[in-house]
Each structure stands twice: as C-alpha cells, then as structure tokens.
Amino acid sequence: ILASILSLVIYWLIRDSRRVRNLSGKYVFITGCETRLGNALAKWLDKRGFCVIAACATEKGGQELRSCSSRSLKTVTLDLADSSSIARAVVFVTLETAGKGLFGLVSNAEVRTPVAPTDWLSIDDFHSVLDVNLLGLIEVTLKLLPLLKKAEGRVVNLINTKGLMAFVGGGYNLSKWGMEAFSDILRREIQHFGVKVSIVEHSFFNAEEVNSDIMERDLLRLWNRLTPEIRDSYGEKYF
C-alpha cells in the first residue's frame with residue numbers, strides 16, 4: 001500500500017513539473033475579459049508570451065484591456081446570447097490564428113441574475129442566463145473545436161463553486177451544473193484528438209465583486225411583477 005501511495009505521489013509530482021514550452025505563437029481565446037478574473041488572466045497570459053485573444057462584452061472593455069497590455073493581445077466584442085456575434089468572433093479567431101490552430105479556449109463569461117424563488121420567475125428569466133452561461137458556451141466550443149483539434153489544444157471552463165450549490169431558483173445554478181456535464185462528456189469524446197478538457201472550480205478570492213444593489217433591485221423588480229396571489233402567499237415579511 002505504501003509503495004502504491006509513493007508511486008502515485010511521484011507520478012503527480014512528475015506530471016505537475018511539466019511546463020508548456022515555446023509559448024510564442026500559441027493562441028489562447030478567453031471569454032468574459034471585462035470581469036476581474038478574465039481580465040487578470042488575459043493580462044497574465046499576455047505577459048507570459050501567449051498570443052491572447054480576449055473577448056469582452058463591450059468595445060469599451062476591449063479598449064481598456066488593450067491599453068494596459070502588449071500589442072500582441074487582441075480583443076473582440078462578444079455577446080454569447082447572439083449566434084451572429086459568436087460567428088463573427090469565430091471568424092476573427094480563425095483569421096488571427098492563421099492556420100496554426102487554437103492552443104487554448106478559456107470560458108469565463110457569465111451572467112448571474114435574475115436569482116429568486118422559482119415561482120417568481122418566467123421562462124424568459126431562465127433563458128436570459130442559460131443562453132449565455134451554458135448554450136453560448138457550448139456554441140463557442142463547438143465552433144472552435146476544429147481549431148482546437150488542429151493545435152491539439154485544451155478547453156478550460158471556469159465555474160464558480162457557488163453555482164454548484166442548489167439553494168436558490170434561477171438559471172445560474174442550472175447553467176453551472178450543465179457546464180460540469182458538458183465538460184465531462186466532451187473530455188471523453190475528444191481526448192482521441194489530443195484535446196484536453198479541464199474544469200477549474202473557483203470561489204471568490206477577489207475574483208469578482210458581488211453588487212448587492214443590483215441583486216436587490218432585481219428582486220424588487222421581480223416582486224413587483226408577481227400576481228397578488230403569489231405575493232400574498234409569500235408575504236412582505238418573507239420579501
């Protein structure tokens with residue numbers, strides 16, 4: 001037993017000591033780069049020498065990122081709820097990589113609200129989250145798989161662990177559980193092509209700020225649109 005444990009420890013130490021070489025010319029596409037975590041990752045990989053393509057929700061976010069990065073970092077505006085926006089971003093990435101393929105796809109973009117008791121929500125409320133966090137992520141991944149196969153790259157999906165705790169209604173938790181399932185399935189299916197799929201489950205660690213004012217304003221909006229019957233069933237004290 002001790003020999004088996006020691007062998008396993010040695011294996012993990014050897015595996016973790018491996019480093020990616022020749023970073024120059026390796027392209028990494030990151031979504032959600034207007035957030036603190038995505039922004040910091042784009043800057044860090046840029047300093048390490050990767051060719052970073054950073055997707056931001058707004059042109060302003062892209063301009064701010066370019067202003068404090070090297071000239072090799074490129075940005076593209078991306079709305080994950082819009083298939084045409086995804087298609088334009090894929091064309092941009094394809095042209096930038098210039099036949100070299102995509103070394104890495106990091107999915108970080110997400111929306112968090114609305115979050116509320118389930119019977120306060122409509123199907124559109126679920127769509128507004130799932131279309132970005134899950135379906136948008138899947139669409140981007142599917143369209144970039146040919147480039148990932150070409151470079152024998154890797155897919156890294158960042159998942160906030162609070163999304164894996166089913167404690168409140170809405171599409172956020174559903175999207176994170178869906179990301180887990182999608183990643184686990186994809187990992188097995190494309191390992192034959194030399195493409196790796198990883199999940200990084202993170203917590204807050206200054207990666208984001210929770211704006212309680214936005215959440216409170218959103219809850220008030222949902223509360224005010226409820227039918228009198230549902231509002232009365234919960235009551236003002238619950239709200």
Side-chain angles (χ1 to χ4, degrees), residues 23 25-98 100-113 128-151 153-160 163 172 175-176 178-179 182-183 186 195-200 202 207-209:
L23 306 184
K26 286 183 168 60
Y27 289 85
V28 179
F29 180 55
I30 310 170
T31 69
C33 290
E34 71 280 3
T35 65
R36 293 177 66 180
L37 181 56
N39 192 274
L41 178 61
K43 292 175 182 176
W44 186 78
L45 291 177
D46 178 50
K47 289 180 181 178
R48 293 292 301 274
F50 286 97
C51 298
V52 176
I53 306 174
C56 299
T58 63
E59 177 58 31
K60 179 182 178 182
Q63 290 175 350
E64 292 175 351
L65 180 56
R66 289 195 303 271
S67 68
C68 53
S69 305
S70 74
R71 291 185 178 181
S72 66
L73 184 143
K74 308 295 183 183
T75 63
V76 60
T77 304
L78 175 63
D79 178 2
L80 283 170
D82 183 358
S83 290
S84 61
S85 177
I86 292 174
R88 288 192 295 270
V90 169
V91 170
F92 183 85
V93 173
T94 302
L95 294 174
E96 286 293 323
T97 55
K100 294 182 179 180
L102 189 62
F103 181 76
L105 166 61
V106 182
S107 290
N108 170 63
E110 65 173 24
V111 295
R112 304 183 183 95
T113 57
S128 66
V129 177
L130 292 171
D131 287 350
V132 173
N133 293 6
L134 182 58
L135 298 178
L137 174 146
I138 292 173
E139 186 172 355
V140 166
T141 304
L142 293 178
K143 290 186 174 180
L144 290 176
L145 273 181
L147 296 180
L148 289 161
K149 289 179 181 179
K150 187 177 184 65
R154 65 281 324 279
V155 176
V156 180
N157 291 329
L158 304 183
I159 301 177
N160 194 316
Y172 188 78
S175 69
K176 298 307 172 182
M179 286 172 63
F182 175 71
S183 302
L186 186 67
V195 179
K196 300 178 177 65
V197 179
S198 300
I199 300 169
V200 176
H202 64 86
E208 59 186 312
E209 293 178 349

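Remember, it's a predicted structure, so these values are computed and weren't measured experimentally. Throughout, residue positions are numbered sequentially from 1 according to the sequence presented.
Listed by chain and number, the residues in a side chain to side chain contact (heavy atoms under 4.5 Å, CB included) with Lys196 are Arg154 (sequence neighbours excluded). Considering only residues two or more places apart in sequence or on other chains, Glu34 meets the side-chain hydrogen bond (donor to acceptor under 3.5 Å, both in side chains) condition with none of them. In terms of the ring pair (Phe, Tyr, Trp, His ring centres under 6.0 Å) criterion, residue partners of Phe50 (sequence neighbours excluded) are, by chain and number, Phe103. Thr77 meets the side chain to side chain contact (heavy atoms under 4.5 Å, CB included) test with Glu59; sequence neighbours excluded. Residues forming a salt bridge (Lys or Arg N to Asp or Glu O under 4.0 Å) with Lys74 (at least two apart in sequence, or on another chain): none.
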>> Before you tell me yes or no, could you show the steps for Val76 and Val93 under side chain to side chain contact (heavy atoms under 4.5 Å, CB included), namely the whole-Å CA-CA distance, both residues' side-chain angles and the distance that decides it to 0.1 Å?
In response: CA-CA 9 Å; Val76 60; Val93 173; 5.5 Å; no

>> For Glu110 and Val132: C-alpha separation, side-chain torsions, deciding distance, then whether side chain to side chain contact (heavy atoms under 4.5 Å, CB included) applies.
In response: CA-CA 6 Å; Glu110 65 173 24; Val132 173; 5.7 Å; no

>> Using the rule given for side chain to side chain contact (heavy atoms under 4.5 Å, CB included), can you reason through Leu105 versus Leu148, listing the C-alpha separation, both sets of side-chain angles and the distance that settles it, and then say yes or no?
In response: CA-CA 8 Å; Leu105 166 61; Leu148 289 161; 4.2 Å; yes

>> Checking Lys150 against Leu102 for the side chain to side chain contact (heavy atoms under 4.5 Å, CB included) test, could you report, in this order, the C-alpha distance in whole Å, the side-chain angles of both residues, the deciding distance, and whether it holds?
In response: CA-CA 7 Å; Lys150 187 177 184 65; Leu102 189 62; over 6 Å; no

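Here the closest heavy-atom approach between residue Arg112 and residue Tyr172 is recorded as CA-CD1, 3.7 Å. Between Ser107 and Thr31, the closest heavy-atom pair is CA-OG1, 3.3 Å. The minimum heavy-atom distance linking Phe29 with Val140 is given by the pair CE2-CG1, 4.2 Å. In plain terms, the two heavy atoms of Ile86 and Gly136 that are nearest each other are CD1-O, 4.0 Å. Scanning all heavy atoms of the two residues, the minimum distance from Ile199 to Ile159 falls at CG2-CD1, 3.6 Å. In terms of heavy atoms, Val52 sits closest to Ala42 at CG2-O, 3.8 Å.
Classification of Arg66 and Glu64 as a salt-bridged pair fails, no side-chain N sitting under 4.0 Å from a carboxylate O.
With hydrogens and angles ignored, the 3.5 Å screen pairs a side-chain donor or acceptor of Thr97 with a backbone N or O of Thr94. With Thr75 contributing its side chain and Ala55 its backbone, the two residues share no donor-acceptor pair below 3.5 Å. A donor-acceptor pair is defined here as one N or O able to donate and one able to accept, closer than 3.5 Å; such a pair exists between the side chain of Thr58 and the backbone of Gly61.
Asn108 contributes atom CG, which lies 4.0 Å from atom OG1 of Thr35 (distance to the nearest 0.5 angstrom). One distance of note links CG of Leu73 with SG of Cys33; it measures 7.5 Å at 0.5 Å rounding. Between atom CE of residue Met179 and atom CG of residue Leu134 there is a gap of 8.0 Å, rounded to the nearest 0.5 Å. For the atom pair Ile53 CD1 and Leu45 CG, the distance stands at 12.0 Å (nearest 0.5 Å). Between Ile30 atom CD1 and Leu78 atom CG the span is 13.0 Å, to the nearest 0.5 Å. To the nearest 0.5 Å, atom OH of residue Tyr27 and atom CD of residue Glu96 are 6.5 Å apart.
Leu186 pairs in a side chain to side chain contact (heavy atoms under 4.5 Å, CB included) with only one of the listed residues (Ile138, Leu145, Val195), which is Leu145.
Using a 4.5 Å heavy-atom threshold, the side chains of Lys26 and Cys51 count as separate.
Between the side chains of Asn157 and Ser198, no donor-acceptor pair is found at a separation under 3.5 Å. Ser175 and Asn133 are linked by a side-chain donor-acceptor pair at a separation below 3.5 angstrom, with hydrogens and angles left out of the test.
Applying the side-chain hydrogen bond (donor to acceptor under 3.5 Å, both in side chains) rule to pairs touching residues 41-52 yields Asn39-Lys43, Asp46-Ser70, Asp46-Ser72, sequence neighbours excluded.
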